[in-house]
Every structure is written in structure tokens, then in C-alpha cells.
Protein chains: 2
Amino acid sequence: MALDAADLGPATALVCRECGEKYDLGPRYACEQCFGPLEISYDFAGVSREAIEAGPRNIWRYRGLLPVPSNVESTPNTEPGLTRLVRADHLAESLGMQRLWVKDDSGNPTHSFKDRVVAVALAAARELGFKVLACPSTGNLANAVAAAAARAGIRSAVFVPSDLEQQKIIVTAVYGGTFVTVRGNYDDVNRLASEIAGEQDDWAFVNVNVRPYYAEGSKTLGYEIAEQLGWRLPDQIVIPIASGSQLTKIDKAFQEFIKLGLVEDKPYKVFGAQATGCSPVAAAFKAGHDVVRPVKPATIAKSLAIGNPADGPYVLDVVRRTGGAIEDVSDAEVVEGIRLLAATEGIFGETAGGVTVACLRKLVSTGALDPEAETVIINSGDGLKTLDAVAPVVGPSAEIAPTLEDFRASGLA
Amino acid sequence: MALDAADLGPATALVCRECGEKYDLGPRYACEQCFGPLEISYDFAGVSREAIEAGPRNIWRYRGLLPVPSNVESTPNTEPGLTRLVRADHLAESLGMQRLWVKDDSGNPTHSFKDRVVAVALAAARELGFKVLACPSTGNLANAVAAAAARAGIRSAVFVPSDLEQQKIIVTAVYGGTFVTVRGNYDDVNRLASEIAGEQDDWAFVNVNVRPYYAEGSKTLGYEIAEQLGWRLPDQIVIPIASGSQLTKIDKAFQEFIKLGLVEDKPYKVFGAQATGCSPVAAAFKAGHDVVRPVKPATIAKSLAIGNPADGPYVLDVVRRTGGAIEDVSDAEVVEGIRLLAATEGIFGETAGGVTVACLRKLVSTGALDPEAETVIINSGDGLKTLDAVAPVVGPSAEIAPTLEDFRASGLA
């Protein structure tokens with residue numbers, strides 16, 4: 001691969017998050033010294049509010065802050081981002097809050113925030129010479145990878161556990177890429193993906209061998225929130241935790257905006273949300289631990305069901321540094337959270353959204369979160385993808401015959 | 001209702017499309033003289049490219065061209081519109097075309113173009129004093145009405161046939177409004193809705209008693225296409241036909257933009273797309289008839305399955321006036337259309353989108369549509385809502401054990 005000629009915009013190097021060892025940009029993801037995760041280093045230049053506002057109406061308006069080529073928007077891609085930041089007065093009222101916003105990432109092309117990270121991974125992977133866009137996944141990520149590769153005109157290769165629901169198979173297989181079901185659980189699929197990445201030089205597994213680039217895509221959520229608030233930071237933000245990367249990258253985005261002078265430097269608190277059935281980070285937070293003890297997930301919030309979250313310790317750092325908290329909620333509360341968001345704001349979130357709304361409610365009731373302070377919550381996906389979660393509890397108000405008499409008798413008039 | 005004080009922006013009157021009889025603005029929808037459909041008349045003022053570009057990033061940027069209050073964007077609503085206009089080079093290439101765009105309305109809040117018409121209906125209905133937002137529906141419209149009412153903080157009342165699929169019930173019932181299943185087919189439900197509208201003074205059935213306002217929402221598709229092309233009209237546009245209203249309103253939007261000097265006056269051809277199993281307008285077009293003979297729908301494209309399309313004759317007028325054509329395709333071709341759009345552009349459309357892509361292909365092959373001329377097609381909804389259509393034909397490439405040996409043996413490397 002012709003890395004010498006690679007244009008990755010403001011990215012300058014890869015640096016180990018643990019030991020600080022520095023590497024040239026390239027298709028690496030773990031430190032050779034200590035096996036720590038690698039992060040992108042940057043040299044930002046020419047970034048201003050005006051330059052961003054003059055950019056495309058998608059994540060590429062922030063290309064000067066991402067490890068992507070400077071002409072990234074000229075190559076076909078799904079153009080995710082700039083999803084709505086919705087003022088949620090009805091939800092706020094129902095929770096006794098003052099000023100609440102929902103960042104609704106169900107508006108992305110395949111209806112989850114994964115379109116952001118995949119778009120950045122794809123742009124970097126092409127530049128690094130990869131030919132195939134791949135991933136192990138159980139849902140949203142598979143969908144985003146298959147769609148992004150189709151749009152880009154390159155091959156995708158998606159690996160999923162063979163017991164995946166038929167519905168999830170359809171929404172990914174429809175794009176026509178390579179789609180492999182693997183007889184095993186997600187851990188087996190993930191391990192196989194790493195092994196294949198070691199053999200297939202030109203396959204970019206977005207969440208494995210190009211993960212440092214991929215993960216940076218989540219920063220755009222933070223950039224957008226700040227810009228959409230009118231170039232300022234919220235007082236509080238509630239973010240769902242799967243690997244924990246979304247939370248740490250939103251914090252990173254806020255810090256970058258402060259350092260670049262794009263927003264005023266002010267305190268903000270970062271809160272994490274988990275389902276109790278997979279709450280290793282919440283448990284560590286509550287116990288005052290620095291390490292996260294892996295768990296076996298058992299929750300309806302499948303998109304958050306990572307029992308051994310890679311960024312767990314860094315999440316604890318961010319939350320403790322900013323004075324936030326991490327809460328967890330039962331599956332029944334998740335379902336209530338989904339219904340509350342839909343009924344008050346007309347937004348049908350996926351189970352991860354339900355986790356976040358339910359944790360918001362809990363954080364208000366415990367007093368950890370200030371109901372008077374301006375708060376943003378993330379809805380990271382779409383309820384259409386997790387219908388089973390609410391199926392048992394929603395239904396018709398009444399069934400009637402097609403007559404006015406029956407309608408009047410129903411008491412619904 | 002205090003109609004004297006109503007602010008409906010540039011709207012000035014209701015006019016019968018058949019006999020020209022004029023009525024004051026209000027909750028009417030049929031001519032008292034001839035029972036013809038009523039259309040909104042306007043007195044446009046202060047509309048300019050600059051004013052539009054300075055407006056909100058949703059359909060309300062066109063509020064000066066819609067029958068809605070001048071401060072419409074300040075009331076909570078789902079803020080639909082300004083969906084992506086996607087340059088579709090891979091799809092064009094596969095069809096031997098030069099310059100093709102997909103207007104992807106699956107990006108709306110509830111993932112169909114219905115959010116546009118419902119938002120306009122809701123805004124007008126509130127101004128006219130209605131208290132409940134209602135509709136008869138079998139799918140997308142129910143979803144859009146329930147979400148919009150929830151967001152606005154008013155009651156919704158949705159009426160559906162009682163044999164509706166469980167999935168469609170969930171996506172509407174989750175918003176928590178009144179949801180009535182009716183023992184009958186869609187025609188029965190529709191008739192009941194009209195009867196209830198006659199009794200319940202403050203219920204706005206969006207597609208019945210406030211239909212003239214509702215229908216105007218489809219104009220925004222036309223406005224957006226012209227603005228997103230850089231303030232100009234395409235040479236050709238392919239639009240799916242259900243009631244036919246979307247097609248006639250896009251033409252109306254283009255005509256308004258020409259008259260207001262917002263785009264250059266140039267010829268454009270309007271093409272219609274139907275599924276053969278419900279193709280009364282295509283049949284009339286091909287037979288050279290001016291009237292549309294009703295049919296009993298039998299197609300997987302449920303969102304287009306209107307056997308007696310209200311705007312059928314007006315569709316024929318527009319298509320013939322502009323030199324377009326109307327084509328229809330089999331259900332198998334619809335499925336192929338869905339897969340082709342997904343595989344070439346990463347856009348998973350609903351069955352109506354498949355109808356449009358398949359008709360585009362057919363129109364190119366018959367020579368009715370010029371492959372060299374700039375063309376726009378509409379994808380009006382989301383494939384997530386019509387998974388059953390593609391379920392029988394898409395699936396995994398291979399199933400393997402979680403080992404490198406099995407992966408190598410699969411021939412997929």
C-alpha cells in the first residue's frame with residue numbers, strides 16, 4: 001500500500017493511549033510495545049466556525065478535524081450526519097426538567113450513528129489502500145457497512161452469528177455484498193474477523209484493523225451538538241455505553257472545540273447510560289473501581305450488549321473528571337423509555353434510545369443530574385430496527401365494526 | 001372556529017378544480033356545486049431564493065409558498081424535508097444513463113414523504129381550530145400522523161383495517177395516540193372516517209376534511225429538487241403514483257418556481273410509475289383515455305395500492321402536457337428495483353421506491369425516457385417498512401464454522 005502518498009487530512013500519527021508510543025499513520029490498531037489501543041494525533045490548521053459552516057451539510061463539514069482525505073466529500077459516500085437536534089419540551093416537562101434536547105441519530109442514512117464511524121473508516125481505508133470494507137457485527141454496524149460499500153462501489157464482507165434474526169439478515173443482505181453467517185456467538189465471529197484481517201491484506205475490518213480511524217467518526221456527534229446549540233456546549237449530556245467509544249469521543253470533540261476556541265471553555269458533565277443486563281461500566285462506577293469487570297450480556301438492548309467494553313476505563317475517567325455519573329436501567333424501564341420518547345416527542349428510538357431516556361429519568365430522580373441545567377441526550381438508532389422490544393406492550397385502543405354506531409359506543413369520540 | 005383570525009400565510013381561498021367555484025379558506029374539501037376537489041389559491045409575496053435559503057433546514061423554508069401560518073416553525077413539529085438529493089452514478093451506469101439523481105425521502109422523521117403532507121395538514125388544522133389529528137390509513141400515513149401529533153402535544157386518532165400486520169400496528173401504536181382497528185377493508189375504514197369527520201367538528205382527518213391543505217405538502221418535494229439542483233429544473237422526473245397527488249403537486253411546484261422567476265423556464269417531462277397489480281393510471285395513459293377506470297389492487301407495493309386514484313385524470317394531464325409517459329412493472333420487477341437501488345447506491349427503498357426504479361429501467365428500455373437527459377427519481381419511503389417484499393430473495397452468501405480453514409474453503413477470500 002502506498003502509504004507515503006496517503007492524504008489523511010490533519011492526522012499526523014498514531015499514538016498508544018497507554019504508553020504514548022508513536023507510530024506512522026497506517027493500518028495499525030494496537031501498540032507493539034504494550035498492546036494498548038492506538039489513537040489518532042492531529043495537527044489542526046485552518047479550522048474556524050466560518051469554514052465549518054461553509055462546508056457540506058453532513059459530517060464532512062468537519063473534515064479538517066478527521067483522519068480523512070481533504071477532498072473526502074467528492075467520493076461517493078452515504079453522507080451521514082447533521083442529524084436533528086430536537087428541542088424536547090414535552091419530554092422535559094414530563095421529567096420536571098427545564099431545557100432538554102434530543103440528538104436524534106436515527107436520521108442517518110441507515111438510521112443509526114454507525115453511519116458516521118463507517119463513513120470515516122471507509123474514507124481512511126480507501127486512502128490506506130484497502131479494497132474490501134468488512135466487519136463482524138450483530139446489527140446496525142453490518143447494515144451501515146453494507147450500505148456504505150454499495151454506495152462507494154466497493155466490495156463489503158459482513159460476518160454475523162448464524163442465529164441472527166431474519167429481519168436483521170434482510171436489511172444487510174439487500175445491499176448485495178458478501179454476507180457470511182458464522183456458526184458461533186458474537187465473540188467467535190469477532191475472533192474470526194481478527195484472524196481474517198491478519199491474512200487478507202486488503203480487507204479493512206472497520207472495527208478491528210482500522211478501528212483508530214473508525215472510532216474518530218463519533219467525534220462528529222459532539223461537533224454537531226456544539227454547532228447546533230449555536231457554538232456552545234451543553235451543561236450535561238447523557239450518552240449510551242456499548243464499547244464506550246461514543247462517550248469518550250464526544251468528550252474529545254468538546255475538548256477539541258474548546259482548545260481551538262470554537263466554543264467557550266466551560267464545565268460540562270458527561271453521564272453514561274447502560275442496561276442493567278449489561279452494565280459493567282455502571283457497576284464499576286458505582287463501586288468506585290478503575291477497572292471494568294466483564295459480564296455476560298442479557299438485555300433487550302442488543303446494540304449496547306458488549307460485556308467487555310474496550311473503552312470502559314476511559315469512560316470512567318471522563319465521567320469522573322467532569323462530575324457526571326453512570327446509571328443503568330432494567331429492560332422494562334428501557335421499554336418505558338422508548339414509549340415515553342415516542343409519546344412526548346414523536347421520536348421512535350431503538351432500545352439504546354430507551355436506555356438513555358430511562359437513565360435520564362433515573363439520574364434526575366437520584367439527583368445526580370440537575371433538572372434545571374441544559375441537557376442533551378443521544379438517540380443513537382431507530383425503533384424500526386428493534387420492534388420486538390415494544391411489541392408485547394403496545395397495541396390498538398379498540399377494535400370496532402365500520403359503523404358510526406360502533407364508533408360512538410367505543411367511547412373514543 | 002375563529003376562521004376570521006386564521007393566518008394561513010399566502011393562501012387566499014379555496015377553488016374548485018373542476019368548475020372554478022371559489023370559497024373562503026376553511027375546513028372544506030369538496031365543491032358544493034359539483035363535488036369537485038378544492039385547491040388552495042395563493043397570493044405570493046416576498047418569495048426569493050435568498051429568503052428561502054435563509055430559512056430553516058426543513059420544509060418550512062418554503063412557508064411563503066404553503067397554506068401555513070407565517071410563524072409555523074415556532075410550534076413543535078417533526079420538521080420534515082430537505083432530504084438528500086443523491087447523485088446516483090452507479091445506478092445510472094447500470095441503466096446506461098448519464099446524469100441521474102435520487103430524491104431520498106426515506107430520510108424524513110418517520111421515513112416516508114408522508115411527514116411532509118402531515119406537517120402541512122397539522123399546521124393548517126391547528127390554525128383552523130381543529131383539536132385532533134386523524135386519518136384512515138394502512139401504513140406510512142398512520143405512522144406520520146401519530147408521530148406528528150405526539151410531537152405537537154395534541155391527540156391523534158388513527159383508523160386502520162383490523163387485519164393490518166403486527167409490525168405496522170407497533171410502529172404507529174408506540175406513539176400512544178388513539179388507535180382504532182376496524183373490522184373491514186381500507187374502503188370501509190375510509191368511509192367510516194368521512195362519516196366521523198361529519199360528526200366530530202374538531203377532528204381533522206388529514207386526507208379527508210383538510211385534504212386541500214395536506215396535499216400541498218407534496219409541493220415541497222418539487223421545491224427541494226429545484227433548489228438542490230442549484231435553482232434549476234431537471235429534464236425528466238419519475239414519480240410513483242398512488243392517489244396521483246404527489247405527481248401533480250411536484251409539477252405545480254415547478255410551475256410556481258417558473259412563474260416566480262426562481263428557476264429558468266425550460267421544458268421538463270414528468271413520468272409516472274405504478275405496479276402492474278394496481279395500474280389504473282398507466283392503463284388509461286396507454287389506452288389514450290382521459291378517465292381512469294378503478295381497479296382492485298393486487299400488488300406488494302401496498303403504499304401505492306389505491307385502485308381509484310383521486311388525482312388520476314390530473315396526472316394524465318400533466319404527463320401528456322409535458323411529453324412524459326406512465327409505465328407499470330410486475331411485483332418481481334419491483335423487488336429487482338429495490339435490490340438494484342440498494343446494491344448500486346446503498347439506499348434501501350420501500351416497495352414504492354422499487355416501483356420507481358423498475359419503471360425507470362423500463363422507460364429507458366422502451367425509449368420513452370432519454371438516458372442522456374438529466375433525470376430525478378423519487379424514493380418515497382423506507383425499505384425497513386416493507387421487509388417482506390425482499391425477504392424471499394435475499395440472504396447469506398455462505399454459512400461457515402468460526403475457523404480460518406472454513407473461511408478459506410468458502411471461496412470468499
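Here is the naming used below: chain letters follow the sequence lines, and residue numbers restart at 1 for every chain.
- Within the 4.5 Å cutoff, no side-chain heavy atoms of B:Glu345 are placed close to those of A:Tyr175.
- Heavy-atom pairs under 4.5 Å with chain A peak, among B:Ala173, B:Gly107, B:Gly395, B:Pro402, at B:Pro402.
- Taken from CG in A:Asp388 to CD1 in B:Ile170, the straight-line distance is 7.0 Å, to the nearest 0.5 Å.
- Residue contact with chain A, scored on non-hydrogen atoms closer than 4.5 Å, is absent for B:Leu341.
- Side-chain contact check for A:His111 versus B:His111: some heavy-atom pair is nearer than 4.5 Å.
- Each of A:Asp188, A:Asp104, A:Asp89, A:Val174 has some count of heavy-atom pairs under 4.5 Å with chain B, and the biggest count is that of A:Val174.
- By number of non-hydrogen pairs under 4.5 angstrom with chain B, the leading residue of A:Val390, A:Ile196, A:Thr78 is A:Ile196.
- Using a 4.5 Å cut-off between heavy atoms, A:Thr83 makes no contact with chain B at all.
- When heavy atoms are compared at a cutoff of 4.5 Å, A:Val180 approaches chain B by way of both its backbone and its side chain.
- When all heavy atoms of A:Gln200 and B:Ala413 are compared, the pair lying nearest together is OE1-CB, 3.5 Å.
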### Message
For B:Leu387 and A:Gln166: C-alpha separation, side-chain torsions, deciding distance, then whether side-chain contact (heavy atoms from CB on, under 4.5 Å) applies.
### Response
CA-CA 10 Å; B:Leu387 290 178; A:Gln166 175 67 3; over 6 Å; no
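- Looking at A:Ala88, only its backbone comes within 4.5 Å of chain B, counting heavy atoms on both sides.
- In this structure the side chain of A:Ile400 reaches within 4.5 angstrom of the side chain of B:Leu192, judged on heavy atoms.
- Scanning both residues, B:Ala401 and A:Arg183, for their nearest heavy atoms gives N-NH2, 3.4 Å.
- With respect to chain A, the highest number of heavy-atom pairs below 4.5 Å among B:Gly176, B:Ala398, B:Ala147 belongs to B:Ala398.
- Closest non-hydrogen pair, B:Ala150 versus A:Ala343, comes out as CB-O, 3.4 Å.
- With a 4.5 angstrom heavy-atom cutoff, A:Ala152 touches chain B only via backbone atoms.
- Of the listed residues (B:Gln167, B:Arg339, B:His90), the one with the most heavy-atom contacts under 4.5 Å to chain A is B:His90.
- In terms of heavy-atom pairs under 4.5 Å with chain B, the best-connected choice from A:Val394, A:Val171, A:Asp382, A:Thr181 is A:Thr181.
- B:Val189 does not touch chain A: none of its heavy atoms, backbone or side chain, sits under 4.5 Å away.
- No part of A:Asn58 comes within reach of chain B, as not one of its non-hydrogen atoms sits under 4.5 angstrom from that chain.
- When B:Lys385, B:Arg191, B:Glu199, B:Glu195 are compared by the number of non-hydrogen pairs under 4.5 Å with chain A, B:Glu199 comes out ahead.
- Using a 4.0 Å cut-off between a side-chain N of Lys or Arg and a carboxylate O of Asp or Glu, A:Arg84 and B:Glu79 do not qualify as a salt bridge.
- Looking at A:Ser397, its side chain never comes within 3.5 Å of a backbone N or O of B:Thr178 through a donor-acceptor pair.
- Of the residues considered (A:Ser162, A:Ser106, A:Gly346), A:Gly346 shows the highest number of contacts with chain B, using heavy-atom pairs under 4.5 Å.
- Here the CZ atom belonging to B:Arg57 is positioned 11.0 Å from the CD atom belonging to A:Gln228, to the nearest 0.5 angstrom.
- Looking at A:Ile169, the atoms closer than 4.5 Å to chain B (heavy atoms on both sides) all sit in the side chain, from C-beta outward.
- For the atom pair CG of B:Leu91 and CZ of A:Arg151, the computed distance is 10.0 Å after rounding to the nearest 0.5 Å.
- Heavy atoms of B:Thr403 lying under 4.5 Å from chain A belong exclusively to its backbone.
- Neither the backbone nor the side chain of A:Asn108 comes within contact range of chain B, judged by heavy atoms closer than 4.5 Å.
- At a 4.5 Å heavy-atom cutoff, the contact between A:Phe407 and chain B is made by side-chain atoms alone.
- Ranked by heavy-atom pairs shorter than 4.5 Å toward chain B, the options A:Gly184, A:Ala391, A:Ser156 are led by A:Ala391.
- Nearest heavy-atom pair across B:Trp203 and A:Leu412 is CZ2-O, 3.6 Å.
- Other residues, nucleotides and ligands place no more than 12 heavy atoms under 6.0 Å from the CD atom of B:Glu93.
- Between chain A and the options B:Ala193, B:Ser410, B:Gly153, heavy-atom pairs under 4.5 Å are most frequent for B:Gly153.
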